[in-house]
Amino acid sequence: MINLDTTNKNQSSIMQPMPFFQDEALRLDVINDAEFKSIPFINTNEHDSIDNENGSTPRAFLFLDADENLQIATPELFCKKLKCQSLDKIKVISIFGNTGDGKSHTMNQVFFDGEPVFRTSPEQSSCTIGVYAAMQREQGVLCLDTEGLLGTTAKSNKRMRMLLKILAISDIVVYRTRSERLHSDMYEFLGTASKAFCLHFTQALQAMGNGSTLGPAVIIFHETHYTKPLESTVEESAEDKLRNNFALLNYETNAFSSLRYVGIQTDANKSTNFKKISDALHLEIENTAVRSPRQPAVVFKAMKLLNQKFAGEIIEKAINPFPEQYFTCGAHCESCSRRCQRSMGHVSDGEPHFNTQPCNYQHQFGNKLYLCKACYNNGKEIVVSVRAQAQTDTAWSGLAKYVWKGDVIECPYCGEIYRARQYWYGNKSPEASVVHVQVVHVWKGGNAVLRANAHSAQMVLDSVNSISEAFTNISAPWAKALSGMLADKVAPSYWRPNQEIIMCHACRRSFEKSGMPKHHCRGCGEGFCHTCSQHRVPVPGRGWLQPVRVCNDCYQQLQRKSDATPGSRPTNDEGDILVRKYGETIYNTISSVAAVAIDYPKAMIKDSARPAYWVPDAESPNCFICKSVFGRAEELELAKNSSERGKPKGSSKTDARGSSSNGGSGPRVGAAGAGADGPGDCRRHHCRRCGQAVCSNCSKRRMPVLERGWQTDVRVCDACACVPSGSQHSGNNISSAISDALNEDEAMPPNGLCENRRESNRSSIRSTSSSSDCRNCNASDDVKAKSE
């Protein structure tokens with residue numbers, strides 16, 4: 001028979017007898033590790049108990065358990081536990097910090113003269129689970145000891161919410177740390193507490209008529225052994241240094257009524273001196289300017305309100321210790337913000353961005369991929385796109401079909417499967433009839449197929465413009481000769497024939513080389529350019545009673561005598577003038593109708609088809625590379641003359657190369673020579689890669705631009721022609737880099753050192769050009785010539 005000796009108190013708990021064999025008074029409290037809320041208060045003293053009514057020293061009691069459950073039911077029981085009256089006024093002081101930093105010991109030393117009111121333990125396990133409360137009657141302070149941060153728990157988010165609620169009802173907050181240097185977790189906790197108080201707790205507390213808009217006063221109690229704590233100087237206090245650190249980490253402390261730092265350095269062999277933190281706390285207790293003492297029932301109701309409002313389960317996400325962001329690609333989808341799951345450098349290996357999660361559709365990105373439904377049902381994923389013309393259509397037939405039938409969708413296997421206006425009525429959308437929709441990720445610089453869909457209308461216009469330009473260049477000499485011959489047939493007899501007019505009668509500039517049109521003076525009949533024949537006055541001596549074009553000399557003569565007959569050639573009769581008048585009337589009428597019926601709709605089509613990354617015409621008056629002003633030959637000549645008249649004498653002298661002596665950094669008028677636009681004209685074109693406006697001379701190269709969706713050879717500027725097509729830079733970065741390079745080249749003073757730098761930059765551009773398959777491209781030479 002087993003002998004159960006109950007008198008041996010040195011036996012371990014395992015060897016103790018079963019509870020029903022023991023006397024009720026001698027039974028030990030059972031500790032259940034699996035359920036935190038069943039842990040009773042344990043103190044190292046034998047006589048410790050929650051309800052120690054015979055002892056004079058107060059004892060702490062569990063206020064909130066680890067599951068955020070209040071352990072006191074009513075305000076009356078709360079006052080009874082605190083052993084105070086309901087009308088007493090108290091202030092709430094709570095302490096926070098990492099586990100093991102001596103929070104409980106600090107509260108015992110500062111408020112209870114070292115008495116073990118709050119339990120301390122030399123063990124590795126945390127001795128404070130939840131929140132414990134104790135009353136300091138002499139100072140009228142309710143002390144709250146909280147569970148330590150960074151402790152081992154499976155409910156870290158719930159613990160954080162519990163601590164933030166305790167901080168919200170506190171009047172004074174002490175953050176205790178014994179780290180040699182202040183850690184980022186302190187800034188994170190206090191910054192999060194400030195944000196939570198401003199966004200959530202203030203409104204809830206004011207709804208019950210309790211609390212001000214300002215939160216508690218915060219005291220950071222920092223103890224070190226081997227490093228110096230923060231020190232205040234004349235220029236910057238310790239508190240200012242803390243606020244700077246909060247701002248550096250993007251945290252705010254607006255919710256706290258004050259922020260104070262108490263730092264001490266303690267020898268490793270000596271005990272902590274709590275006098276400094278005790279004095280600081282006494283000053284805050286006596287300060288009632290912001291927060292006054294409250295009745296215990298008010299504190300209890302505030303805590304109960306926050307506990308009821310902010311409760312419920314929190315999904316605890318497992319922390320993945322593997323640092324994915326260190327090794328995975330940093331690209332994010334522009335539509336759903338998901339990250340690419342491939343390793344870094346996969347683009348250089350020829351692998352596209354990839355993510356297994358589905359994407360969200362956004363209209364601004366148009367990230368829908370069309371698959372032929374018939375092929376998809378047969379097990380093949382054939383990507384199709386909405387285009388303005390079929391691949392087998394020519395430019396003109398494609399434009400005609402686009403105007404009549406609308407957009408087209410073609411499948412390589414099924415042929416033409418959709419037309420937007422196939423029937424007079426009842427046309428269905430492609431998604432409801434012929435295509436299967438798949439939402440794809442939008443990676444920066446990728447998705448060339450999606451981008452190509454947006455440029456299909458512009459591709460049609462480019463094809464039509466290229467054909468019309470080729471036809472114009474071939475037929476221009478014959479058309480000019482024919483129009484000149486017809487103009488001579490209806491010209492008055494005193495006009496000089498067009499075939500005899502080679503150069504301007506006044507400035508002697510060649511019409512063929514300058515590209516300027518010929519104009520006849522109605523006074524003398526000679527041929528002039530537009531600049532030398534801008535005046536409009538009646539010429540009654542020649543039969544022109546309304547204001548007509550005259551040259552500068554005839555204008556001066558008619559100003560002196562209005563009925564004079566300028567020139568040496570006589571006029572035959574009045575009918576000779578009438579034929580020209582009728583011809584001008586018919587020509588002007590046809591030109592006006594053509595401008596309204598053709599030019600205006602053409603401009604509307606161009607604006608609607610223009611890609612979004614192109615620089616608008618209003619923001620690009622001159623070439624992005626050579627700074628030449630865009631316009632027709634007449635407009636450029638007028639701008640050039642007006643700019644020359646506005647300059648002081650002697651400022652327009654040029655050197656042997658024809659550049660201005662002042663550096664020539666401004667826009668150049670009429671700088672474009674004979675090119676695809678014709679002599680004298682400087683038309684505006686857009687680079688398909690960077691979207692900048694350039695002239696013909698600065699955009700001679702043709703190449704595909706896959707990153708923008710241009711699959712065939714299209715116009716690119718000379719600077720972009722030498723950038724490798726696999727570059728991951730966006731169009732904005734390309735254009736800004738080109739602009740910086742050009743501005744740096746223009747800003748160099750013409751001395752020997754900078755000339756060497758300029759030549760070195762040009763040689764590096766040429767080497768880059770040759771290394772990126774631009775050996776036949778004269779882009780760097782063109783940039784060099786234009787900058788000179």
Side-chain angles (χ1 to χ4, degrees), residues 387-389 395 398-399 448 451-473 602-603 605-617 619-631 671-678 681-727 729-735 737-739 742 765 769 772-783 785-786:
R387 305 178 63 88
Q389 70 177 91
L399 180 62
R451 299 174 189 268
N453 298 339
H455 306 331
S456 58
Q458 184 65 39
M459 292 177 182
V460 175
L461 291 179
D462 291 344
S463 302
V464 174
N465 289 336
S466 61
I467 295 176
S468 62
E469 286 180 3
F471 179 78
T472 301
N473 293 334
K602 180 181 177 182
I605 295 174
K606 288 176 63 178
D607 291 338
S608 60
R610 178 169 298 172
Y613 70 95
W614 283 15
V615 178
D617 293 348
E619 299 178 7
S620 54
N622 48 0
C623 177
F624 181 71
I625 296 179
C626 68
K627 306 303 180 184
S628 298
V629 178
F630 297 121
D677 300 335
D681 292 339
C682 185
R683 290 180 55 190
R684 181 186 289 103
H685 305 280
H686 281 85
C687 173
R688 268 54 175 176
R689 192 167 194 179
C690 64
Q692 295 290 342
V694 291
C695 62
S696 297
N697 290 339
C698 297
S699 57
K700 295 179 180 179
R701 283 276 292 180
R702 301 293 185 272
M703 59 184 291
V705 185
L706 300 180
E707 62 267 27
R708 292 292 195 183
W710 305 95
Q711 309 291 333
T712 58
D713 290 343
V714 290
R715 182 188 298 271
V716 293
C717 65
D718 292 345
C720 289
C722 296
V723 179
S725 60
S727 175
H729 299 292
S730 62
N732 295 332
N733 294 334
I734 292 174
S735 61
I738 297 170
S739 177
L742 293 176
I765 293 176
S769 171
S772 58
D773 199 16
C774 293
R775 295 178 179 87
N776 298 326
C777 171
N778 296 324
S780 59
D781 295 334
D782 291 340
V783 174
K786 290 172 177 63

So how far is it from Lys700 NZ to Cys695 SG, rounded to the nearest 0.5 Å? 9.0 Å
Quick check for you: to the nearest 0.5 Å, what is the distance between His685 atom NE2 and Trp614 atom CH2? 10.5 Å
Mind checking whether Pro621 and Phe630 have side chains closer than 4.5 Å, heavy atoms only? no
Between SG of Cys720 and CE of Met703, what distance do you get to the nearest 0.5 Å? 9.0 Å
What is the distance from atom CZ of Arg689 to atom OG of Ser699, rounded to the nearest 0.5 Å? 15.0 Å
4.5 Å side-chain heavy-atom contact, His686 and Val714: no
Would you check if Cys717 and Gln692 make a side-chain contact, meaning some heavy-atom pair closer than 4.5 Å? no
So how far is it from Ser628 OG to Arg684 CZ, rounded to the nearest 0.5 Å? 12.5 Å
Can you check whether Val716 reaches Cys687 side chain to side chain, under 4.5 Å on heavy atoms? yes
